[in-house]
> 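Have a look at the structure that comes next, please.
This structure is a prediction, so every number in the text was calculated from the model and none was measured. Lettering follows sequence order; numbering is per chain, from 1.
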Amino acid sequence: MSLLKQKFLFLDCQTTGMRPPTGALLELGWGVASAEEQGAVMSRIVKLPEGHWLPGKVKEITGIRESMLEEGVAEEELLGLLDIACVSSEAAPALVHYAQFERAFLDDFFVRQGRELPFPFICTYRIARKLYPNVPSRNIRGILGYLGFPFREIKRAEAHVRATMEVWSELAKELAVLGIHDLAALNAWLEEKPKPKKKGAAPVKFEYRVDRMKRLELPPRPGVYRMISKSGDILYVGKATSLKDRVNSYFRGKKGRDPKKLEMMAQVWDLEVTECGSPLEAALLETDEIKRLDPPYNISLKAGRRELHFYNRDFTATSAEQSAEFCQGPHRSSNGIEQVRQLLGEVNEAQAKRVLYEPIAEETYASGYALFAAKNFPELAAPTARQLIALGMHSLRRLKKAAEVEEEAVEELMEEEAAATEEAEAAEAAESAEPLEELAVDLSPEEVAEKLDRVLLRAALDYRRAKGLTRMLNAEVRWQGAEGERVLRFRNGKMNADEPDGSEFPWRALGIQDYDRMSVLISEVQKGDYRVERYGGRA
DNA sequence: CCTGTATTGTCCGGTGGAAC
DNA sequence: GTTCCACCGGACAATACAGG
């Protein structure tokens, strides 16, 4: 029978681990189809055996949560369903992407049911590797995009099965071109030895679907670039000082590159760029474009579920909107001020974890806290958040004065602060709620006190940052461009907008995109030779 | 993150042809 | 006959990459 018409049983397993003894089958997806005719796809969540649970990482990867386990079927029931599928596939082989993974689980499954595996496996990964040896990434997403299918999220078993069907529909056509027309020929071809292996020959490069000249002819000027799939999905948006250099850097080299980026590059068929007058404008356009398009391979600057936070005067409560009561901000959900607020409760192990994100023995933390208190507020038994932040501002000013001698100190601190915030946000976003193995960190009380001092500084930096961001909402940025002076005007956070000045609470109608825009503006302005003035001010 | 595997890289002794 | 060295295959280690 022709390979194009040959029916196969397509399969995919989601599991709680890597291999049967440690991991258990969590979900099975299957469907019967041929290259020319896709069939229906089914899937079932499987009851986990005693002693198995859903690891946080697996929840994150699959999107399966505990509540869904309730609808899990028993293995006997699954066996029945699978037998029905085998009948309708006429006992054809199973087609699976990276079959060695599912084989282990299904083998285990059938053995435990007192049966033998009723079908052989054919691996689409192996076929793809042979057909396209130089694709940057051969995982299911990479191959799917390389073959020109639209980008989509692939998490659950059903989506994996559909993806495998689509991949096969293309691979089968390619095989036909090579004269492989039936199962026997396919198996023989897969058995063939790799190649004679030429010595000292070309060092094999990745192959991309993007037209080479298109990227080589990009202008060496600032701008925003977009990576695009064959079907027009925007996969990634980035900015560049030189579009030509930046974009081409994605296509160079083969070793040690981020696998996520390689997966993306396998799927890129086209590029689009927007030239900008300056790196500053490119950065501003980038942040807005990421919000507008929500590209799957961008990580930072995405809106996601991020929200702005405003505090009341005493920092005792927060609101998502700025108002007379909640005037202080904007801040992100995890920030230095939040850490300081955590410092107000009882001094115990739980507080240590909330403030320092590390498990620390209760006694160590308590004596560290005592040191910190004696140094910073000897007269106060229970300082308020406001007082603590004021203390932080005080230290910050002192540090800055010292920094006139030692340039780097403050910058280092700023960088550290940014990293800490990112880390906290990442932890929040991951929401994997995995009860991490809690190894108490071995710190001295002095080190704890020092860390608490840093918390105050971080809060002060956040406080100052909010002021700085607010100042940028209505500002003019001037710099010397190649063709004379250039200026960008911001009003209520929008670039070159012509609206009346905002209210006393300028963030009231603004959101995370405005916050990011102002952040980008500040960080770009710090990098170059820019002058910032209040909007409408005269030089 | 982690785990299993396949591929690639490296080191080694052995071989055989060319030069003396 | 001896020496040199390019080249090969086998054994083992390192690395890359798929999966959840």
> Strictly below 4.0 Å, N to O, side chains only: are Lys451(A) and Glu447(A) in salt-bridge contact?
no

> Rounded to the nearest Å, what distance is computed from the CD atom of residue Glu102(A) to the P atom of nucleotide dA18(C)?
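Atom-to-atom, Glu102(A) to dA18(C), this comes out as 14 Å.
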
> Less than 4.0 Å between a side-chain N and a carboxylate O, is that true for Glu289(A) and Arg226(A)?
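Result for this pair is yes, salt bridge flagged.
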
> I'd like to know if Arg156(A) and Glu27(A) make a salt bridge, using a cut-off of under 4.0 Å between side-chain N and carboxylate O.
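Yes, this pair counts.
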
> Send over the distance from Leu26(A) CG to dG19(C) C1', rounded to a whole Å.
14 Å

> Within this structure, what is the CD-to-C1' distance between Gln14(A) and dA18(C), rounded to whole angstrom?
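Atom CD in Gln14(A) sits about 14 Å away from atom C1' in dA18(C).
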
> Measure the distance from CZ on Phe121(A) to P on dG19(C) and round it to the nearest whole Å.
15 Å

> Can you identify which nucleotide, out of dT5(B), dG20(C), dG19(C), has its nearest atom closest to the Arg19(A) side chain?
dT5(B)

> Decide yes or no on salt bridge (Lys or Arg N to Asp or Glu O under 4.0 Å) for Glu66(A) and Lys59(A), but give the supporting numbers first.
CA-CA 8 Å; Glu66(A) 272 92 0; Lys59(A) 279 196 266 182; 3.4 Å; yes

> Given dG19(C), dG20(C), dA18(C), which nucleotide is nearest the side-chain atoms of Ser137(A)?
dA18(C)

> Look at the side-chain N and O atoms of His160(A) and state whether any lies under 4.0 Å from the OP1 or OP2 oxygen of dG19(C).
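So the side chain of His160(A) is outside the cut-off, no N or O lying under 4.0 Å from OP1 or OP2 of dG19(C).
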
> Between dT5(B) atom C1' and Arg138(A) atom CZ, what is the distance in whole Å?
13 Å

> Just compare dG19(C), dA6(B), dG20(C) and give me whichever is closest to any side-chain atom of Thr15(A).
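From the listed options, dG20(C) comes nearest.
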
> By the 4.0 Å heavy-atom rule, please label Thr62(A) as base, sugar-phosphate, or nothing.
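Sugar-phosphate, no base atom in range.
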
> Among the nucleotides dT7(B), dA18(C), dT5(B), which one has an atom lying closest to any side-chain atom of Gln100(A)?
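Selected nucleotide: dT5(B).
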
> Expressed as a whole number of angstroms, how long is the span from Trp53(A):CH2 to dG20(C):C1'?
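The answer, rounded to whole Å, is 14 Å.
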
> Report yes or no: does Arg138(A) contribute a side-chain atom to a donor-acceptor pair with the main-chain N or O of Pro133(A) at less than 3.5 Å?
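Judged by distance alone, yes, a pair lies under 3.5 Å.
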
> Report the distance from atom CD1 of Ile45(A) to atom P of dG20(C), rounded to the nearest whole Å.
14 Å

> How is Arg129(A) classified with respect to the nucleic acid when contacts are heavy atoms under 4.0 Å: base, sugar-phosphate, or nothing?
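Contact class for Arg129(A): sugar-phosphate only.
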
> Starting the side chain at C-beta, find the nucleotide from dC17(C), dT5(B), dG20(C) nearest to Tyr125(A).
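Closest nucleotide to the Tyr125(A) side chain: dC17(C).
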
> Between Met18(A) (CE) and dC1(B) (C1'), how many Å, whole number?
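It works out to 9 Å between those atoms.
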
